[in-house]
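Heads up, the thing below is written out as structure tokens.
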There are 2 protein chains.
Amino acid sequence: MPVSIKDIAQKAGVSPSTVSRALNDHPRISQETKTYIQNLARSMGYIPSTVARNLVTRRTATIGVAIADLTDPYYGRLMLGIDDAAAAHNYQVLLSCFYRDPDRELALVHDFHKRRVDGIIVLGSEAESAYSDPDQNFFMPIVLVNRPGYRCSVSVDRNVGGQMVVDYLVSLGHRRIAFITGGARQRIRSRRLAGYRQALARHHIPYNPDLVVDGDGEISGGIRAANQLLSLSPPPTAVFCFNDMTAIGVINALRRQGFRVPDDFSVVGFDDLEMTAYYSPALTTVRQPTHEVGERAFDMLSRLIRHQPVEPEMLNPELVIRASTTSAAQPLTA
Amino acid sequence: MPVSIKDIAQKAGVSPSTVSRALNDHPRISQETKTYIQNLARSMGYIPSTVARNLVTRRTATIGVAIADLTDPYYGRLMLGIDDAAAAHNYQVLLSCFYRDPDRELALVHDFHKRRVDGIIVLGSEAESAYSDPDQNFFMPIVLVNRPGYRCSVSVDRNVGGQMVVDYLVSLGHRRIAFITGGARQRIRSRRLAGYRQALARHHIPYNPDLVVDGDGEISGGIRAANQLLSLSPPPTAVFCFNDMTAIGVINALRRQGFRVPDDFSVVGFDDLEMTAYYSPALTTVRQPTHEVGERAFDMLSRLIRHQPVEPEMLNPELVIRASTTSAAQPLTA
DNA sequence: TTGTACGCGTTATCAA
DNA sequence: TTGATAACGCGTACAA
């Protein structure tokens with residue numbers, strides 16, 4: 001049973017409110033009693049109860065962050081940005097993971113509501129549409145990351161990222177460029193895929209649905225997808241992957257079949273995970289300003305909490321050319 | 001302003017306690033009013049306040065997890081185990097990261113206290129000794145992961161892991177085996193290092209301090225350490241790394257100097273990150289029962305919360321032999 | 001089966 | 001500068 005403000009008051013022979021004032025550096029209190037109470041509190045091992053405090057102040061100085069996947073380092077880096085910004089504003093962060101499951105995501109957001117956090121950030125939402133649904137009774141600010149359709153969102157322009165990749169591969173002479181998605185569910189809303197298609201159109205390369213196959217954002221999905229692409233005749237000469245993990249799966253599958261990267265196939269990832277720069281071959285990929293996205297997401301949420309107006313934000317990615325891509329081989333029929 | 005139990009009571013023409021009972025499936029209440037109230041609550045968009053509830057029940061059904069580094073996938077996998085077990089017991093998890101900083105770690109644990117969580121798990125503690133210090137006023141159960149010196153801990157036996165690695169390398173004919181630590185701070189308490197030394201002694205190989213250099217648990221540290229080892233004459237023939245990230249840095253540094261792995265140097269990691277199985281060469285490493293460690297940590301905490309006795313637990317790691325290790329080259333003087 | 005009254009630990013308002 | 005008193009939203013013993 002922790003010691004409370006009353007215990008201290010009793011021992012000090014003052015009223016609980018005096019103790020409260022002393023502990024909160026209240027202006028109207030004598031320096032003498034203030035330091036006395038503070039020392040007494042420390043010696044008694046007093047630890048204030050945020051739960052009681054939150055009840056009466058009606059705010060928690062806490063934001064909830066719902067994260068799609070904890071094992072993906074990409075989200076870890078996003079968290080860093082959020083956490084830095086939050087710490088700078090004296091906010092605490094409540095982190096939970098919903099394992100890419102939309103039901104668990106909404107359950108989590110609901111739990112944040114019950115906890116009365118001051119606001120919520122969702123990373124990698126699988127239930128985007130729910131946040132615009134008035135029936136859901138979301139009565140607190142919510143910012144989504146990388147869901148540009150939502151009005152309070154901070155995103156990286158993956159459409160542009162997709163275009164950059166295709167432009168680059170085309171400039172290397174590739175025309176049969178495959179795309180591996182992050183899963184059947186993502187496929188519909190995929191900005192990367194949209195960018196891929198737009199760039200193809202710009203280069204007058206017809207869109208071939210056979211070249212678009214589903215992965216799952218993980219290594220295993222990349223392996224499956226690569227094998228599927230290899231069964232095509234003719235197979236692609238370049239593969240644009242949903243993310244770096246997928247790309248690693250792809251490269252492994254290709255190698256296992258005796259192919260070389262980039263000699264036989266060019267492979268491009270997305271995210272620029274630290275590790276993939278040290279992969280062999282070092283991965284050509286798309287870097288996102290991950291830390292900045294996190295910071296901006298917090299800043300937007302902070303404005304929302306203070307009832308200030310916000311607008312959706314969109315940051316630009318950057319192509320990082322390394323060793324997993326090279327010029328397309330001359331066609332045999334040439 | 002969220003709707004409260006009183007609002008519902010007023011609208012329903014009953015007392016607040018009746019509403020409370022209806023919402024909590026209390027036994028003594030008529031089925032009729034119960035469903036009536038429940039529907040009314042839903043239609044009014046009622047979201048119970050856990051903060052108020054926690055205040056009166058004096059428990060939060062929440063555990064705090066302090067994690068050393070969010071970008072390290074190893075900790076992500078530990079979290080999975082904890083989260084699974086916690087969910088199965090209807091506990092919520094509060095996650096926060098202390099960035100390997102002991103001060104931030106203790107600040108975080110202190111904050112958990114203020115939040116009145118029911119218990120705490122620390123992953124990768126940097127302030128182990130504080131938890132045995134009576135002055136710190138830790139009045140709630142705390143479980144440490146991988147800190148076998150603490151009485152409430154769940155650990156993988158890294159000493160045995162270190163011995164397994166050395167035994168294996170010696171069996172391949174290596175005798176100049178380097179060890180790269182996870183940082184100067186870790187070095188003192190490193191179980192891996194202790195195991196490394198014990199195994200060397202068993203094989204009558206004298207301990208050479210020059211062969212033990214500091215990394216930082218990240219890729220960059222591995223690169224620095226490898227360069228340091230290359231400056232030795234003669235250099236080692238095998239390198240045992242604190243973790244897989246370090247090993248990747250080492251392999252890259254060696255390659256950059258024109259060496260081949262495993263032909264010129266054998267390299268062993270630790271952790272068995274998913275990605276390193278797909279690295280080139282596939283990494284020989286030590287697998288830990290990560291998910292089980294997480295589950296057991298929660299179970300131990302759960303017993304602690306219920307005032308049941310606990311004992312420190314120690315799980316065994318497993319050597320995973322892949323392609324980054326091979327027989328030692330014959331000495332030139334042979 | 002339901003209502004009344006109180007308490008959880010804290011802050012805020014008003015008097016003194 | 002300090003002390004009563006009320007309130008935050010909810011659970012519960014007791015009474016009705």
Side-chain angles (χ1 to χ4, degrees), chain A residues 1-38 40-41 44-62 111-118 137 139-140, chain B residues 1-38 40-41 44-62 111-118 137 139-140:
Chain A
M1 191 72 54
V3 6
S4 84
I5 227 170
K6 280 183 191 165
D7 303 324
I8 302 174
Q10 194 164 19
K11 201 154 192 167
V14 298
S15 77
S17 18
T18 303
V19 177
S20 173
R21 281 186 279 253
L23 263 26
N24 292 312
D25 268 339
H26 212 76
R28 281 202 274 278
I29 189 168
S30 75
Q31 186 60 43
E32 188 183 13
T33 52
K34 184 196 285 189
T35 53
Y36 172 60
I37 299 277
Q38 286 176 346
L40 182 58
M44 292 176 70
Y46 171 69
I47 299 183
S49 162
T50 41
V51 12
R53 163 194 287 244
N54 292 342
L55 184 58
V56 51
T57 60
R58 289 123 162 281
R59 60 186 297 272
T60 52
T62 300
D111 183 68
F112 284 152
H113 272 78
K114 295 201 280 189
R115 294 198 124 82
R116 299 296 191 263
V117 299
D118 295 338
N137 294 313
F139 59 78
M140 65 177 57
Chain B
M1 191 72 54
V3 5
S4 85
I5 228 172
K6 277 185 195 164
D7 303 324
I8 302 175
Q10 194 164 18
K11 201 155 193 168
V14 298
S15 79
S17 35
T18 304
V19 176
S20 173
R21 281 186 279 253
L23 262 27
N24 293 317
D25 267 340
H26 212 75
R28 280 202 274 279
I29 189 170
S30 75
Q31 186 60 44
E32 188 183 13
T33 52
K34 184 196 284 188
T35 54
Y36 171 60
I37 299 276
Q38 286 176 345
L40 182 59
M44 291 176 70
Y46 171 69
I47 298 183
S49 162
T50 41
V51 11
R53 162 193 289 241
N54 292 343
L55 185 59
V56 51
T57 59
R58 287 121 163 281
R59 60 186 297 272
T60 53
T62 301
D111 183 68
F112 284 151
H113 272 79
K114 295 200 281 190
R115 292 200 125 83
R116 298 297 191 262
V117 299
D118 295 338
N137 293 314
F139 60 79
M140 66 177 59

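Naming convention: chains lettered A, B, ... in sequence-line order (proteins, then strands); numbering from 1 in each chain. Remember, predicted model here, so these are calculated numbers, not experimental data.
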Inset, instruction - Under 4.0 Å between any heavy atoms, over every strand shown, what does P48(A) touch: base, sugar-phosphate, or nothing? Just pick one. - result: sugar-phosphate
Legend entry - Strand contacts (DNA chain D) in residues 17-26 of chain B, 4.0 angstrom heavy-atom criterion: S17(B), S20(B), R21(B), N24(B)
Inset, instruction - Please identify each residue that fulfils side-chain hydrogen bond (donor to acceptor under 3.5 Å, both in side chains) with S30(A), with sequence neighbours left out. - result: T33(A)
Inset, instruction - Kindly say whether F139(B) contributes a backbone atom to a donor-acceptor pair with the side chain of H113(B) at under 3.5 angstrom? - result: yes
Legend entry - Nucleotide interval of DNA chain C bounded by contacts with chain B (heavy-atom cut-off, under 4.0 Å): dT1(C) to dG9(C)
Inset, instruction - May I ask you to test the R116(B)-P2(A) pair for a side-chain heavy-atom distance under 4.5 Å? - result: yes
Inset, instruction - Please name the pair of heavy atoms, one in G45(A) and one in V3(A), separated by the smallest distance, quoted to 0.1 Å. - result: O-CG1, 3.9 Å
Legend entry - Inter-end axis angle, the helix from dT1(C)-dA16(D) to dA16(C)-dT1(D), with every axis fitted to five base pairs (rounded, 10 degrees): 40°
Side chains of residues 46-55 of chain A: which donor-acceptor pairs under 3.5 Å do they make with residues two or more places apart or in other chains?
residue : atom : partner : partner atom : Å
S49(A)  : OG   : V51(A)  : N            : 3.4
S49(A)  : OG   : A52(A)  : N            : 3.1
T50(A)  : OG1  : K114(B) : O            : 2.7
T50(A)  : OG1  : R115(B) : N            : 3.3
R53(A)  : NH2  : N24(A)  : OD1          : 3.1
N54(A)  : ND2  : T50(A)  : O            : 3.1

Legend entry - Residues forming a side-chain contact (heavy atoms from CB on, under 4.5 Å) with R58(B), sequence neighbours excluded: M1(A)
Legend entry - For L23(B) against A41(B), the heavy-atom pair lying closest together: CD1-CB, 4.1 Å
Legend entry - Residues S15(B) and T18(B): side-chain donor-acceptor under 3.5 angstrom: yes
Inset, instruction - Not counting sequence neighbours, which residues clear salt bridge (Lys or Arg N to Asp or Glu O under 4.0 Å) with K11(A)? List them please. - result: none
Legend entry - Opening and closing nucleotides of DNA chain D in contact with chain A, under 4.0 Å to non-hydrogen atoms: dT1(D) to dG9(D)
Inset, instruction - Return the minimal non-hydrogen interatomic distance between D118(B) and A61(B), and the atom names on each side. - result: OD2-N, 2.8 Å
Inset, instruction - Would you jot down, in residue-number order, the residues of residues 49-58 of chain B having a non-hydrogen atom under 4.0 Å from DNA chain C? - result: L55(B), V56(B), R58(B)
Legend entry - Considering all heavy atoms, the nearest V117(B)-T60(B) contact: CA-OG1, 3.4 Å
Inset, instruction - Assign each of V14(B) and R116(B) to its nearest nucleotide of DNA chain C by heavy atoms, then name whichever residue's nucleotide is nearer the 5' end. - result: V14(B)
Legend entry - For Y36(B), all residues meeting ring-ring contact (aromatic ring centres under 6.0 Å, His included), sequence neighbours excluded: none
Inset, instruction - Can you see which heavy atom on I5(B) is nearest to which on P16(B), and at what distance? - result: CG2-CB, 4.1 Å
Legend entry - salt bridge (Lys or Arg N to Asp or Glu O under 4.0 Å): pairs with one or both residues in residues 14-24 of chain B, sequence neighbours excluded: none
Legend entry - Residues in salt bridge (Lys or Arg N to Asp or Glu O under 4.0 Å) contact with K34(A), at least two apart in sequence or another chain: D25(A)
